[in-house]
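Atoms within each ligand, like the ligands themselves, are counted from 1 in listed order.
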Amino acid sequence: MVYAAIITIGDEILYGQTLDTNAHFISGELDKIGIKVKLRLSVGDQSSDILQALDTARNSCDIILTTGGLGPTRDDITKRTLCAYFGVELARNEDALRDVENFFNKRGIVMNELNQMQALLPTGSKKITNSMGTAPGIWMEWNKKVYISMPGVPHELEHMLPVMVIPMIRQNFVTPVIYHKSIMTAGIGESILAEKIKDWETGLPENIKLAYLPGYGLVKLRLSAFGNDRDVLQQQVSQYTGELQKIAGEHIYGYDELSLEQKVGDLLREQKETLAVAESCTGGYLSHAITSVPGSSDYFTGGIIAYQNKLKVEELKVSESTLRQEGAVSEKTVKEMAEGIRKKFSAGWGVAISGIAGPGGGTHDKPVGTVWIGLSGKEFTEARKYNFAKNRINNIRYASVAALTFLWQRLKEKN
Ligand code: ATP
């Protein structure tokens, strides 16, 4: 196994002004070639902090990648620190100078002294071409480790890493084959799922790792298998996903990056069914999710955002007495809404959501996060109550996913 450390350099990352997208991107690219990222560190523009991070990283890793602080705007902090670390000097790299000159010539700009300094690299290092900017990257082999410095500007890094750096890493290291498979579940919480599959998880072989990746109301299980032969790994993973299917199949709606709205759409299309939606507290969020799937016009007839009670009565035929006696967030109201929208749009299925998204509007009986979801089919109308107890946007997200889960569970019963 080859281990890597990522050090992102820049005060703005520590102050919360810049989201560290570079570390995220590098992790993803290294993962693709089977290099295990063991450590991610962020440090400010301080030489002493960078040196400490380099020490920590080299203790356990073979490749140390840094981003940021390469160009003159930060006084070349990374380059100067690397020189101090390796005990070398900065020297003009003719190859790098040619790149910088070309960059400016192409744009018809006269190069200044600061730009010329971009061509100064630690002696003994190799230049990594930066086709998107002026600060070249640095490849340095020192004490049996490889140090790679790349620019902080995300679009420069995102070009340099896959195009220049990854091929160099592949030439210098024997990397294992890594095979991922994601198993998408709905309608079950992470801890209950973990309990249910714990024996299966314990029985996984050493070379297959399991990760729980919970999202809003959904849990993705990711299996990562390491080895030398892709076909063997694929077979091995398929054996274990088959076993999982037997244990937790009722909660698995699909594999890899399939979204729940996509799965619901596929089932509706297969069953030649249609869907209409009546949303109150989600304000169109569910309809947005459904229509984010290309081709959703095959099965989605449309929706109404019946936010005020007046509209629930006029458009969805919810009875005034239901609203008066039970309130807008109630079993009876969402059932009438679901049935109302199904009939209004002549759809096979009607889904309705009514709840208290917050932060205001909660009561003792119906606290913020209380959501009723109604589902009306040709043969029955039913409703479920949830309490998400989250903040406004998360109550909205969870409610939309819960509505999709409810519908998916009923649709798969028909398959
Ligand atoms: P210079 O800009 O001095 O030429 P550089 O190319 O190494 O050097 P930085 O100055 O460190 O890059 O950063 C340039 C820009 O990239 C800044 O806007 C910074 O906020 C952004 N940036 C730096 N590090 C990261 C990171 N880890 N994730 C996302 N953006 C980053």
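- Other residues, nucleotides and ligands contribute only 12 or fewer heavy atoms inside 6.0 Å of the CD atom of Q308.
- For the pair A23 and ligand 1, the shortest N or O to N or O distance does not fall below 3.5 Å.
- For ligand 1, the atoms closer than 4.0 angstrom to any heavy atom of E12 are 19 (C), 20 (O), 22 (N), 23 (C).
- Counting heavy atoms under 4.0 Å from ligand 1, residue V153 touches it through both backbone and side chain.
- By the 30° and 60° cut-offs, the orientation of the rings of W408 relative to Y253 is perpendicular.
- The closest approach between a heavy atom of T78 and any atom of ligand 1 is not below 4.0 Å.
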Below 3.5 Å, can you tabulate the donor-acceptor pairs from side chains in residues 217-227 to any protein atom, sequence neighbours excluded?
{"unit_1": "K220", "atom_1": "NZ", "unit_2": "E257", "atom_2": "OE1", "d": "2.9"}
{"unit_1": "K220", "atom_1": "NZ", "unit_2": "E257", "atom_2": "OE2", "d": "3.3"}
{"unit_1": "S224", "atom_1": "OG", "unit_2": "H180", "atom_2": "ND1", "d": "2.8"}

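- For ligand 1, the atoms lying closer than 4.0 Å to a non-hydrogen atom of L19 are 28 (N), 29 (C).
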side-chain hydrogen bond (donor to acceptor under 3.5 Å, both in side chains) assessment of D11 paired with Q46: CA-CA 9 Å; D11 286 338; Q46 298 284 324; 5.5 Å; no

Which atom pairs, donor and acceptor, lie under 3.5 Å between side-chain atoms of residues 291-307 and protein residues at least two apart or in another chain?
{"unit_1": "T291", "atom_1": "OG1", "unit_2": "S287", "atom_2": "O", "d": "2.8"}
{"unit_1": "T291", "atom_1": "OG1", "unit_2": "H288", "atom_2": "O", "d": "3.2"}
{"unit_1": "S292", "atom_1": "OG", "unit_2": "H288", "atom_2": "O", "d": "2.6"}
{"unit_1": "S296", "atom_1": "OG", "unit_2": "V293", "atom_2": "O", "d": "2.9"}
{"unit_1": "D298", "atom_1": "OD2", "unit_2": "R269", "atom_2": "NE", "d": "2.8"}
{"unit_1": "D298", "atom_1": "OD2", "unit_2": "R269", "atom_2": "NH2", "d": "3.2"}
{"unit_1": "T301", "atom_1": "OG1", "unit_2": "L275", "atom_2": "O", "d": "3.0"}
{"unit_1": "Y307", "atom_1": "OH", "unit_2": "R392", "atom_2": "NH2", "d": "3.1"}

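- By heavy-atom distance, the residue among I77, L157, N22 lying nearest atom 26 (C) of ligand 1 is N22.
- Under the 3.5 Å distance criterion, the side-chain polar atoms of S125 are matched with a main-chain donor or acceptor of P122.
- The residue among D45, I13, N130, T21 with a heavy atom at the shortest distance from atom 28 (N) of ligand 1 is T21.
- Shown in contact with P151 at under 4.0 Å from a heavy atom are these atoms of ligand 1, numbered in order with element: 6 (O), 7 (O).
- For E195 and K198, the salt-bridge test passes: some basic side-chain N is under 4.0 Å from an acidic carboxylate O.
- Taking any N or O of T8, backbone or side chain, none lies under 3.5 Å from an N or O belonging to ligand 1.
- At a cut-off of 3.5 Å, with distance as the only test, no side-chain donor of N22 or T8 sits close to an acceptor on the other residue.
- Taking only nitrogen or oxygen atoms, main chain and side chain alike, E156 does not reach within less than 3.5 Å of ligand 1.
- Of all atoms in ligand 1, listed by their number and element, those nearer than 4.0 Å to a heavy atom of L70 are 5 (P), 7 (O), 8 (O).
- Ion pairing between a basic and an acidic side chain is recognised when a charged N comes within 4.0 Å of a carboxylate O; E94 and R92 show such pairing.
- When each atom of ligand 1 is checked for a heavy atom of D20 under 4.0 Å away, the hits are 26 (C), 27 (N), 28 (N).
- Counting only non-hydrogen atoms, the option in G69, S149, P154, G152 that gets closest to atom 11 (O) of ligand 1 is G69.
- Residue-level proximity to ligand 1 for T134 is absent, since no heavy atom of it falls below 4.0 angstrom.
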